[in-house]
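Per chain, numbering begins at 1; letters A, B, ... match sequence-line order. Since we're looking at a predicted model, the values are computed, not measured.
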Amino acid sequence: MIDSNIESKWQKKWQDAKLFQSNPDNREKVFLTVAYPYPSGAMHVGHGRTYTVPDVYARFKRMQGYNVLFPMGWHVTGAPVIGIAKRIGRSDPWTLDIYQNVHKVPLNELKKFTDPHYIVKYFSDEYRNVMMKLGYSIDWRREFTTIDPHYQKFITWQFEKLNEKGLVRKGAHPVKYCPDDENPVGDHDLLEGEGVAINELILVKFKIGENYLVAATFRPETLFGATNIWLNPNEEYVKVKINDEEWIISKKAYYNLLNQKSNLELVGEIDTPSLIGQHAENPVTREKHIILPASFVDPDYATGVVYSVPAHAPADYIALADLKKDTETLNKYDIKDSVEKIQPIGLISLKGFGNHPAAEMIEKMSIKDQNDPDLKAATNEMYKLEHAKGVMGKHIPDYAGLKVPQARDEIKSYLLETDKGDIMHEFAEKPVICRCGTECVVKILDNQWFLKYSDEEWTQKTLNCLENMNTVPGEIRSNFEYYLNWLHDWACARRIGLGTPLPWDPQWLIEPLSDSTIYMSYYAIAPYLKDIDPEQMDEEFLDHVFLDKKTSKTNIPQGMKEEFNYWYPLDWRLSAKDLVGNHLSFHLFHHSAIYPQEKWPQGVVVFGMGLMEGQKMSSSKGNIVLLEDAIKIHGADVVRLFLMSSAEPWQDFDWREKEVIGTKKRLEWFIGFAEMVDELHGSQIKLNDYNQAPDANKSINAWIISQVNQRVQDVTRALEGFQTRKALQDALFLFKKDIDHYLHRVDHELKEENAKEEINQVLAYVLGIWIRLMAPFTPHTCEELWNRHGGQGFASDAPWPEHDLDLIDEKVQKSEEIIQGLVEDIREIKKITKSQPEKIHIYLAPEWKWKVFEIAHQVGKPDIGRIMGQAIKENIHNDKKELAGFAQKIAREMARMHYVGFVDEKRLLDDALDFVARDANAEIIVYQEPTYDPKNKARNALPYKPALFIE
RNA sequence: GCAGGGGUACCCGAGUGGACAAAGGGGGUGGACUCAAGAUCCUCUGGCGUAGGCCUUCAAGGGUUCGAAUCCCUUCCCCUGCACCA
């Protein structure tokens, strides 16, 4: 039923009609962009959602009469494809497997993937192809890649602006670094160690002879409790020269430090055992500490030298205990007497613990020795507790009474200022391994360029920008506020990758997040650039176009500047949730820095993630569904429909094959309905003849017209807020349910000519509205139906239906509820009594009960006194006792009831009598007055709820 | 740790003070159609009930209110992000 030829047919017609090529005119505009893809892999259904949301919104707004621009480009800046090309080049099996089997690249193409440019070309072609197959209403004339020379000139201009405004600075920066690739690596480049943080450690120089034994610590405040120094006697230690000092550290530490310190020089090897038993001087307390052996010391972590604080560090405490028992070692190094004398020195007071918390922690967690796997947990726990609640002891000079974090900062400053300490960086966890298999190191990059997002003035300006902006969903706003304030300076340049050179320091390339902040502006000028030499796009040129500055240039194309001013500011920016803290925030920063306020972004929409059958979707794990396959199996409209209906854009959606098929059935039903309308009509209808709602004589016809108008209102409202799921809930699922119900209700009337004529009119009206409501979601199907049923022009261009408030009638809706309530009541009574009645007597509520309802409604509260008072005053019923009983009974109900006024139930039931009789399979007799009432049921009758007697 | 979002029936998921035993979908049940299967349509899908009703439920406990899935407090649990980068 769903035919891919139909889809390609309409795609071609749209293209031929240039339907989605948007040019400035006198209409109101809507400009929306979605983050352009980085084409390093095939497009899966997760991407499908990302790009379908703006398409649906664009189509919706277009039908409402706006001039809508929805463009697309390719973000090819960055390093990942370089790595991929390299790995393909050396036939890395993992990479080959992913590209062959997950991205489904044919072998002859894969061979060419050693060229990173080819990779992005290949996948951007594929993306474009899939986007076209999905029927996106993109203005393809504006397409570009981020390494086009024209675009590079635009980026150059942007960075010159930022630099002129003093928003760029130079500095040093620690990064994860692969020594083999000679490049920083991001988390996605890692085989192991994803998300591992880089920590800063303080180096403390313990003087030993003319040299320094350099220990590393997170907790310099504990220097006052140091009792000894630990080395691992089985490891190699070396002497290195740094500036004019000589340090003793482990050999592995030396190699790590090479990446962090310049002018580091290996001077000589050390005989490690000879150090044991010697003493080194604490730079703060001037005490001499003995150097002792410990197996827990990892030579690859930090400097391989640790100073020991047994009172507060569980590892030190247990290592000391181990050593005291180890007579062999004590004798070997002749340190027995010294070790025995060592006692923990408490220096931090901690609520709930005594003088030596580490000892208690060891006890509590039953740590056996220094090789116990739980030792790490004990250390962490201790660290957290003392960090959060510890206070420096009274006997500690200068720092007494300070909280631990504060003391730590002050001691750190003291050590650094007096040159008694230094800093190094280390991974929080090891190993960290690059995809190429090499173990990564922490490297300090000098001469790095930073965007100064920490700049207060700039942040404030950007917060202003946020304040005047819409965020969808609304809750995401506080995230933005948080991130804008939190953002540190951003290292904006790289050594490796594709991209634009930094104009004033061209050995650096502008990094991908930094070159995609204001590029939405570029879409406005993109169609003008074909015949322009990029060299002409200098600062004066672009200042004129984007900032309205005067120019004497004569080679700037006519209309370029005007076009930018027409489309800008950007109305909506759409992007994924995880980009709130970088891309989306950067885009606000850069707009606020470069453009005047009237050009600042107007809104953002944030996306959730995609799941597949409940599992996280991920190319590297292979559990993705390629869009191309999904389109092939289900058709573009079904894919679109499922993606839009299964979750709101900002929620995570779950691709479940079973539910996709369910969606497909629903769409087929819609198509079948259209056919059925024609069939009932007896000949092809012309939708244009049915733009007005027909006059309804029967209440059920008024009901469906009311429902349809209600749905139109709800769908429109939902789409305005990008709630595609809610919109479809109304436009498809509930709409279908209404029609199901309607058809069920009128089924028996289709044989009567008179009734049928009205039904036909109603159905034609409904169909015309329905096709248009669905057009943004399933454009191909809707074009086809629109065309088949004599709609004018393209459905994509047809006017969006507007709801008529006069037709949304609460009484009509209530009336149908009354009928349904009645049918359900009959069913229930039949079920309970397990009987099949022959006659059903229906008693309507007398007039006085309606009056009591009216009074109760006006009173508005369950205030029986007032209701009674008013009722007696109006003299609505003679039997005061019955009146009181009734008032009491309904007082409570009223709060729950949706009272919409008097409904002529007699007329209503006459209308629906056939239906009720058929459903109940019995004769129905309606009584306004209870002339026959053997079981005295009539007194139960309420407005909206007639009484029943079945026999 | 910090920040944000959550816990609703067999599953997914609406619902932010009364119309709620709780939308919609999926799954299941029974029925109609059919030689049959499939598709389609209808019913039911917390418990009890020979008259349209009653009882128990929205992570757990406590509170506010005439009235709580919804508001407040406490506890437990889950998810996402925390950067050198798509």
Side-chain angles (χ1 to χ4, degrees), chain A residues 35 37-41 75 77-81 173-177 184-189 195 197-198 384 387-388 445 448 450 473 475-476 478-479 481-483 486-494 497 511-514 516 576-583 608-609 614 616 619 645-648 650-654 656 658-659 661-663 665-666 668-669 672 725-726 728-730 732-734 736-737 740 743-744 747 814 817 821-822 824-835 861-863 892-899 919 935 937 940 944-950:
Chain A
Y38 182 75
S40 66
H75 193 203
T77 315
V81 281
H173 190 62
V175 293
K176 284 177 196 167
Y177 188 86
V185 287
D187 269 350
H188 56 283
D189 291 322
I198 294 174
K384 267 189 220 166
H387 178 82
L445 292 183
Q448 173 62 273
F450 291 88
E475 301 85 63
I476 207 79
S478 57
N479 276 28
E481 279 164 9
Y482 172 81
Y483 279 115
W486 170 82
L487 276 167
H488 308 325
D489 291 352
W490 178 261
C492 62
R494 299 288 175 273
E511 150 301 316
L513 283 168
S514 307
S516 47
K577 206 193 271 183
D578 49 341
L579 297 183
V580 170
N582 48 52
H583 164 69
M609 304 282 147
K616 197 172 173 177
S619 308
S645 67
S646 62
E648 299 294 3
W650 47 91
Q651 298 172 326
D652 296 347
F653 77 92
D654 194 355
R656 289 174 188 249
K658 248 184 185 163
E659 306 211 1
I661 291 166
T663 308
K665 283 185 193 160
R666 215 43 48 105
E668 283 169 351
W669 191 95
R725 180 191 152 92
K726 169 132 186 27
L728 272 175
Q729 206 61 235
D730 285 304
L732 182 59
F733 296 88
L734 295 175
K736 176 190 177 291
K737 232 181 132 78
D740 276 339
L743 292 175
H744 188 218
D747 187 43
K814 194 76 191 175
E817 277 173 37
L822 196 60
E824 274 159 33
D825 284 349
I826 294 169
R827 270 192 205 136
E828 191 169 342
I829 296 167
K830 277 164 72 177
K831 192 181 113 195
I832 297 164
T833 58
K834 295 192 182 90
S835 64
K861 280 183 192 167
D863 184 340
R892 248 183 319 130
E893 301 265 313
M894 281 309 285
R896 298 196 299 139
M897 183 176 315
H898 185 59
Y899 183 74
D919 191 274
K935 287 274 158 72
K937 294 288 185 189
N940 293 333
Y944 303 155
K945 197 170 172 62
L948 287 174
F949 170 56
I950 71 177

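Checked against salt bridge (Lys or Arg N to Asp or Glu O under 4.0 Å), A:R656 has the following partners two or more places apart in sequence or in another chain: A:D654. The salt bridge (Lys or Arg N to Asp or Glu O under 4.0 Å) check on A:K945 picks up A:D825, with sequence neighbours excluded. In this structure, A:Y177 has no ring-ring contact (aromatic ring centres under 6.0 Å, His included) partners at least two apart in sequence or on a different chain. Every residue was checked against the ring-ring contact (aromatic ring centres under 6.0 Å, His included) condition with A:F653, not counting sequence neighbours, and none meets it. By the ring-ring contact (aromatic ring centres under 6.0 Å, His included) test, A:W490 is found to be paired with A:F586, residues two or more places apart in sequence or in another chain being considered. Partners of A:A947 according to the side-chain contact (heavy atoms from CB on, under 4.5 Å) rule, which considers only residues two or more places apart in sequence or in another chain, are A:Y843, A:N940, A:A941. With sequence neighbours left out, A:Y483 forms a ring-ring contact (aromatic ring centres under 6.0 Å, His included) with A:W486.
Rounded to an integer number of Å, the gap from CG of A:L487 to P of B:A3 is 17 Å.
Within 4.0 Å of A:D740, counting heavy atoms only, lie sugar-phosphate atoms of the nucleic acid but no base atom.
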Polar pairs (N or O, both sides) under 3.5 Å between protein and nucleotides 48-50 of chain B?
unit_1, atom_1, unit_2, atom_2, d
B:G49, N1, A:E828, OE2, 3.4
B:U50, O4', A:I832, O, 2.9

Just the table, please: protein N/O against nucleotides 20-24 of chain B N/O, every pair under 3.5 Å.
unit_1, atom_1, unit_2, atom_2, d
B:G24, OP1, A:K737, NZ, 3.1
B:G24, O2', A:Q729, OE1, 2.8

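Within 3.5 Å, no donor on the side chain of A:H744 pairs with an acceptor on the base of B:C42, nor the reverse.
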